[in-house]
Protein chains: 2
Amino acid sequence: MSDNKTQYHHGDVPSALLQAALLRIKNEGVEKLSLRALARDIGVSQTAPYRHFKDKNQLLVVLACKGFRELACLKAQQPSPLAFMALIEVGMSYIYFAMEHPEQYKLMFGSKIKHRRDYPELMESGGAAFQVISSYVVKGMEAGVFIDKEPEVLARSCWTTVHGIASLSIDDYFEHITGNFDDFLREQVSLCIRGFMKEPGLLDKQ
Amino acid sequence: MSDNKTQYHHGDVPSALLQAALLRIKNEGVEKLSLRALARDIGVSQTAPYRHFKDKNQLLVVLACKGFRELACLKAQQPSPLAFMALIEVGMSYIYFAMEHPEQYKLMFGSKIKHRRDYPELMESGGAAFQVISSYVVKGMEAGVFIDKEPEVLARSCWTTVHGIASLSIDDYFEHITGNFDDFLREQVSLCIRGFMKEPGLLDKQ
DNA sequence: TCAGAATGTTGACACTGAAAACATTCTAGG
DNA sequence: CCTAGAATGTTTTCAGTGTCAACATTCTGA
C-alpha cells in the first residue's frame, strides 16, 4: 500500500511531526521551534500540521506529555534497601533525565506552553511524574526513617529541590563546579533528604 | 527644552522602552513581548529601539539585570537574632519577589535570553543576587548552628531550593495547596534549612 | 557656523502562526 | 462495486515579528 511513489497522503503526519520536533528542539532549542519548519522537515505543506494539531500549543503539549510519561517510568538506578537511599537515587534519575533532555524538560516546566491547565492529559501525566517521587517518600516513611510530617509535604519538598537542581543544571548555573559533577548533584540531593530524617547521622556516615 | 510640541526626538527612549516592557510583561507575559509593540507604546517608529539596544535580546538582558539587582537588595523581612531563622526569612523574601514579579523572574532564570554568558553585567548581577543568600548562610555557620560543610555547598543548596519553590509557585504548581500559603512556603524553606542544622530540633520547637 | 554624531523614519526582507477556500484520497454504507 | 462524506492535503492570504539598509532630522562641540 505504501510504495515509494510520491503520495498525496503522507502516512503518519502526527508522529512524524513529533519526531521531527524532538530532533529540532534537541538541536536548536524549544525557543526557535516552528511548525513550518517541522512541516518542511517531513515534506508536507505548511498548513498540513493543522489537520492533526489544533495549533502549535497543542503539539507542544503532546511533547511535554511524552516527557512526563517518561519521567513517570523512572526508577532508582541503583536500588537500595535503604529507603532514603532509594529516594536519593530516584532524585538523581530525575535530574539525569532533565540533563539528557534539557529542551524537553524546559518545555515541560517552562512557560512556553500556554494555558497548561486546559489540557487534562498534561495535568495528569505531570501528576503521575510527581507520584514517582512521592511513592519513594512514602516507602521512607513506612521504614520510619523520616520525620513525622504529611507524606505530601516531604514529597513536594523533595520534588521542588530536585526540580531546582535540574533547572539550574540545565541552564548551566553550576558550570563552575569543580570535581565530579555526579558527586555534586548527589550531595545536593542528599542535603535535601537530610532535612527529612529523624537521624541525619545515618546519611553522614554513608 | 522639552515643551509639549511634537518633537522629533523622544527624550529618553531607552528608559521609556524598559518601563513599557516591564508593564507589558507584567500584563501579557514575557513570551509575547515584542519590540514593535514597545515602540508603538512609547510612540516611536518600529526601528527606533535599535538605536539604543543592539537587539531584542539586549533589552531583555537589561530587564533581567534590573531584576537581579533588586534581588541583591533583599533583606530578611523579619530580622531574627537566630541566624538560621534569618536565612529562612531571606529565602521567603526571595520567593515573594518572584511571586510579585513572576514574568521578570521567568525572564531572569528562564531561557528566553539567548547567550546569557556573553553578558558580563548579567553574570555579575546574578552572582550578586546569589551572594545575598550566601552571606546569610555564612552568618549561620559563624553562629555554629550548621553542619560542617563548605559554605558554598549550603548556600547553593539553599538557593536551589528557594529557586525551585519560586519557580513552581509562579507556574501554579502549588495551586491546590490548602491553608495559608505563606505557612506552606515557610515550611518548605524550613525543611531545606533543617537539612543544614546540627540540631534540627531547634527548628521543630519553633 | 557647521560638520559629524546621535537619533529618528520609511521601506524592505525573511520569517512566523493561523485561517479560508479548494483538491485529493480514503472509507463505509448502499 | 459505487459513491457520498470524512480525512487529509494544498495554495493563498493576512497579520504579526526581528532586523537591516538607506535616508532625514536634530543636537553638539570645535
Side-chain angles (χ1 to χ4, degrees), chain A residues 1-21 24-25 27-64 103 107 111-115 118-119, chain B residues 1-21 24-25 27-64 103 107 111-115 118-119:
Chain A
M1 46 170 66
S2 71
D3 287 335
N4 55 1
K5 60 174 114 171
T6 305
Q7 289 173 270
Y8 191 82
H9 281 124
H10 173 281
D12 196 350
V13 170
S15 56
L17 280 175
L18 293 172
Q19 195 183 330
R24 273 203 116 93
I25 68 176
N27 292 332
E28 308 168 20
V30 71
E31 215 56 51
K32 22 180 5 185
L33 187 69
S34 91
L35 273 194
R36 285 163 102 113
L38 296 183
R40 264 177 264 134
D41 284 350
I42 70 171
V44 295
S45 76
Q46 63 195 18
T47 53
Y50 289 93
R51 293 289 159 202
H52 307 276
F53 298 93
K54 184 183 160 296
D55 52 20
K56 184 181 179 184
N57 204 46
Q58 192 164 59
L59 185 142
L60 297 181
V61 165
V62 173
L63 288 178
E103 292 297 329
L107 178 59
S111 318
K112 197 70 202 173
I113 291 177
K114 284 173 286 192
H115 314 120
D118 297 344
Y119 298 89
Chain B
M1 41 169 66
S2 71
D3 288 336
N4 56 0
K5 60 174 110 167
T6 306
Q7 288 173 270
Y8 191 80
H9 281 121
H10 172 281
D12 196 349
V13 170
S15 55
L17 280 175
L18 293 173
Q19 195 183 330
R24 274 202 114 95
I25 68 177
N27 292 332
E28 307 168 23
V30 71
E31 216 55 51
K32 30 183 349 189
L33 188 69
S34 92
L35 273 194
R36 286 162 102 115
L38 295 184
R40 263 177 263 132
D41 284 350
I42 70 171
V44 295
S45 75
Q46 63 196 19
T47 53
Y50 288 90
R51 295 289 158 203
H52 307 276
F53 297 93
K54 183 182 160 294
D55 52 20
K56 184 182 179 184
N57 203 46
Q58 192 163 60
L59 186 142
L60 297 182
V61 165
V62 173
L63 288 179
E103 292 297 328
L107 178 59
S111 318
K112 196 70 202 173
I113 291 177
K114 286 174 285 194
H115 314 120
D118 297 345
Y119 298 89

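Being a predicted model, the structure only gives us computed values, none of them experimental. In the text below, chain A, chain B and the rest are named by the order of the sequence lines, each starting its count at 1.
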Review point. Taking atom C1' of D/dA6 as reference, at what distance in whole Å does atom NE2 of A/H52 sit?
Key: 13 Å

Exercise for review: Given side-chain contact (heavy atoms from CB on, under 4.5 Å), test B/Y119 with B/L60 step by step and report yes or no.
Suggested key: CA-CA 11 Å; B/Y119 298 89; B/L60 297 182; over 6 Å; no

Check your understanding: Hey, what do you get for NZ (B/K114) to NZ (B/K56), rounding to the nearest 0.5 Å?
Key -> 8.0 Å

Check your understanding: In residues 29-41 of chain A, what residues come within less than 4.0 Å of DNA chain C, judged by heavy atoms?
Key -> A/L33, A/S34, A/L35, A/R36, A/R40

Practice item. Looking only at non-hydrogen atoms, find the nearest pair between B/S45 and B/A39 and report the distance. Key: O-CB, 3.4 Å

Practice item. Hey, could you give me the CG/NZ distance between B/N57 and B/K112, rounded to the nearest 0.5 Å? Key: 10.0 Å

List every contact pair, protein side and nucleotides 3-5 of chain C side both N or O, where the distance is under 3.5 Å.
none

Distances under 3.5 Å between nitrogen or oxygen atoms of protein and nucleotides 19-22 of chain C:
unit_1, atom_1, unit_2, atom_2, d
C/dA21, N6, A/R51, NH2, 3.2

**Study point:** Rounded distance [0.5 Å steps], CG in B/L107 versus CD in B/E31
**Key:** 10.0 Å

Practice item. State whether the number of non-hydrogen atoms from other residues, nucleotides or ligands found under 6.0 Å of B/Q19 atom CD is greater than 12. Key: no

**Study point:** Carboxylate-amine/guanidinium contact B/R24 B/E103, below 4.0 Å
**Key:** no

Practice item. Can you tell me the distance, in whole Å, between the CZ atom of B/F53 and the P atom of D/dG18? Key: 14 Å

Practice item. Taking all non-hydrogen atoms of both residues into account, name the closest pair between A/F53 and A/L17 and its distance. Key: CE1-CD1, 3.7 Å

**Study point:** Distance, rounded to the nearest Å, where B/D12 contributes CG and C/dA6 contributes P
**Key:** 16 Å

Practice item. Taking all heavy atoms of B/A21 and all of B/L63, pick out the closest pair and write down the distance. Key: CB-CD1, 3.7 Å

Practice item. Verify side-chain contact (heavy atoms from CB on, under 4.5 Å) between A/L59 and A/L38, making sure each step is shown before the conclusion. Key: CA-CA 11 Å; A/L59 185 142; A/L38 296 183; 4.2 Å; yes

